[in-house]
**Student:** 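Quick one: the structure is below, and I'll ask about it shortly.
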Amino acid sequence: MTMYIAREASKVWRKVTAEITAELPLLREKWLLLFAGLVFQYIHGLAARGVHYLHRPGPLLQDLGFMALPELGQDKSYLSECTFVFIFFSFFLWTFHPFIYHSKRFYTILIWRRVLAFLVASQVLRIITFYSTQLPGPNYHCREGSPIATLPPPNNVLEVLLINFPRGVNLGCGDLIFSSHMIFTLVFVRTYHKYGTKRFIKLLSWLMAIVQSLLIIAARKHYSVDVVVAWYTVNLVVYFVDSKLPEMPDRTNGSPLLPLSTKEKDGRLKDEKESRLKDEFHKLLNGNHGDPTDRRQRVQMNGRHDDDLNHGALSDATANGT
């Protein structure tokens, strides 16, 4: 048993090191874009923290979703977060499966570059939207009478910059339209729908997105409009951004399809040109230059011409009586 575990661990380690070797050139090339996307996640959190200072509690707005869905209550509102955490970490682990499994369709670096581009574009629109109009928050800690429904003015800049993580992220108010949870959920689901391979999981992921939407409304974390706007905005953003980004290489056939730099492309073209010149040179030396069909035609024509000459000679000899 110990030998089996050691052998399998060795196989996994070889796969991990091989994938790291393949991914490192991409990381060196794309690290700035990845870093910018991660930094913007902090900027997005900072913007959500800032709008909390502007939030003013008030009576709940009339909402069709609140009428249709029973309220979960504070003791069961964790169901919404648990669903989101499951979706998030499932997607995160799936993006790193090329390091473990033999069958792989994409590079982890490239797919996270794509995902961060989708997230940043959606979050920019979200920041503009929730700063344009502040609605009274429907969540329990954002209602009238809650001590944290409105934040007091900050004592220093550091208090704002630290965004009171993680409490400030989970207990924010005012950043409503549109739902940040649905941005992440829909970006992850659409990405798996395009690059995933299991049809059942694709259907399950869309079902999970619908369940997540209903739980967010039932937990009174967002109004229905926040979820509805997220559904069509994020899908349109992903469609537009995806059409502008270069398509990722497909690794299904197992060939190393790493994107080439300009220097590598020039080197490959030079090698191909030299190879063609060598082939032409060898053909000339061997007397095989040209189209073999043309050579066959010339051979046939020469044979026919020789027959004609022989026939003519025989005719002349007959006429001369020889």
Side-chain angles (χ1 to χ4, degrees), residues 4-5 7-24 26-27 30 34 37-38 41 79-122 179-216 227 230-259:
Y4 173 78
I5 294 175
R7 186 169 62 253
E8 291 301 315
S10 177
K11 291 180 181 179
V12 171
W13 176 247
R14 284 198 300 269
K15 291 177 183 177
V16 170
T17 53
E19 188 64 21
I20 290 174
T21 304
E23 298 273 0
L24 274 178
L26 288 174
L27 181 60
K30 310 292 185 183
L34 294 172
L38 293 174
Q41 300 311 300
L79 294 174
S80 171
E81 288 300 319
C82 289
T83 305
F84 176 74
V85 169
F86 175 78
I87 294 172
F88 184 94
F89 281 103
S90 297
F91 179 82
F92 181 83
L93 293 175
W94 170 73
T95 60
F96 283 90
H97 86 269
F99 286 83
I100 304 296
Y101 290 95
H102 179 71
S103 61
K104 51 196 74 176
R105 190 176 177 185
F106 55 81
Y107 292 97
T108 301
I109 296 297
L110 294 182
I111 204 164
W112 273 107
R113 171 179 171 265
R114 215 172 191 84
V115 167
L116 287 171
F118 299 154
L119 292 176
V120 169
S122 300
S179 170
S180 179
H181 283 58
M182 290 308 302
I183 290 178
F184 281 89
T185 299
L186 291 172
V187 166
F188 292 167
V189 169
R190 280 193 62 104
T191 303
Y192 184 83
H193 186 84
K194 182 173 182 179
Y195 298 105
T197 56
K198 306 296 184 183
R199 186 183 179 193
F200 171 74
I201 298 180
K202 291 180 182 182
L203 296 174
L204 181 62
S205 62
W206 283 110
L207 179 62
M208 291 290 292
I210 295 172
V211 170
Q212 175 71 62
S213 303
L214 298 177
L215 287 174
I216 287 174
V227 175
W231 268 91
Y232 64 75
T233 303
V234 175
N235 279 288
L236 289 173
V237 166
V238 171
Y239 175 80
F240 176 77
V241 175
D242 187 61
S243 65
K244 298 300 180 182
L245 292 175
E247 189 53 65
M248 294 199 305
D250 192 346
R251 303 177 68 186
T252 307
N253 56 8
S255 59
L257 295 174
L258 279 171

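Just so you know, these numbers come straight off a predicted model, no measurement behind them. Numbering starts at 1 and runs along the sequence shown.
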**Student:** What do you reckon, are the aromatic ring centroids of F91 and Y192 less than 6.0 Å apart?
**Tutor:** no
**Student:** Once rounded to the nearest 0.5 Å, what's the spacing between atom CZ of F240 and atom CG of N235?
**Tutor:** 15.5 Å
**Student:** Minimum heavy-atom separation for R114 and P246, please, with both atom names.
**Tutor:** NH1-O, 2.9 Å
**Student:** To the nearest 0.5 Å, tell me how far I183 CD1 sits from S122 OG.
**Tutor:** 5.0 Å
**Student:** Would you check if the side chain of E23 reaches a backbone N or O of I109 as a donor-acceptor pair within less than 3.5 Å?
**Tutor:** yes
**Student:** Dump the intermediate steps for side-chain contact (heavy atoms from CB on, under 4.5 Å) on V238 and L186, then the final yes or no.
**Tutor:** CA-CA 9 Å; V238 171; L186 291 172; over 6 Å; no
**Student:** Between CG of L79 and CG of L215, what distance do you get to the nearest 0.5 Å?
**Tutor:** 6.5 Å
**Student:** Does the pair F118 and V237 meet the rule for a side-chain contact (heavy atoms from CB on, under 4.5 Å), with working shown?
**Tutor:** CA-CA 7 Å; F118 299 154; V237 166; 5.6 Å; no
**Student:** Rounded to the nearest 0.5 Å, how far apart are CD1 of I210 and OG1 of T185?
**Tutor:** 12.0 Å
**Student:** With a 4.5 Å cut-off on side-chain heavy atoms, are V189 and M208 touching?
**Tutor:** no
**Student:** Return the CD to OG distance between Q41 and S180, rounded to the nearest 0.5 Å.
**Tutor:** 8.0 Å
**Student:** Got a sec, which pairs hit side-chain hydrogen bond (donor to acceptor under 3.5 Å, both in side chains) with one end in residues 89-99, sequence neighbours left out?
**Tutor:** T95-W112
**Student:** Take H181 and E81, measure what side-chain contact (heavy atoms from CB on, under 4.5 Å) needs, and give me the verdict at the end.
**Tutor:** CA-CA 9 Å; H181 283 58; E81 288 300 319; 2.9 Å; yes
**Student:** Can you name the nearest heavy-atom pair linking P98 to F106, along with the distance?
**Tutor:** CG-O, 3.6 Å
**Student:** With rounding to the nearest 0.5 angstrom, report the CZ to OG distance, F84 to S80.
**Tutor:** 9.0 Å
**Student:** So does K202 get a backbone contact from the side chain of S205, meaning a donor-acceptor N/O pair under 3.5 Å?
**Tutor:** yes
**Student:** I need the minimum non-hydrogen distance between H193 and W206, along with the two atoms involved.
**Tutor:** ND1-NE1, 3.2 Å
**Student:** Can you see which heavy atom on T21 is nearest to which on T17, and at what distance?
**Tutor:** OG1-O, 2.8 Å
**Student:** Restricting to pairs with a member in residues 183-197, which pass salt bridge (charged side-chain N to carboxylate O under 4.0 Å, His left out), not counting sequence neighbours?
**Tutor:** K194-D242, K194-E247
**Student:** Which heavy atom in V227 sits nearest to a heavy atom in S213, and how many Å separate them?
**Tutor:** CG1-CB, 3.6 Å
**Student:** Where is the tightest heavy-atom contact between M182 and A209, given as atom of each residue plus distance?
**Tutor:** CE-O, 3.9 Å
**Student:** Does the ring center of F96 lie less than 6.0 Å from the ring center of F92?
**Tutor:** yes
**Student:** So does L34 get a backbone contact from the side chain of R113, meaning a donor-acceptor N/O pair under 3.5 Å?
**Tutor:** no
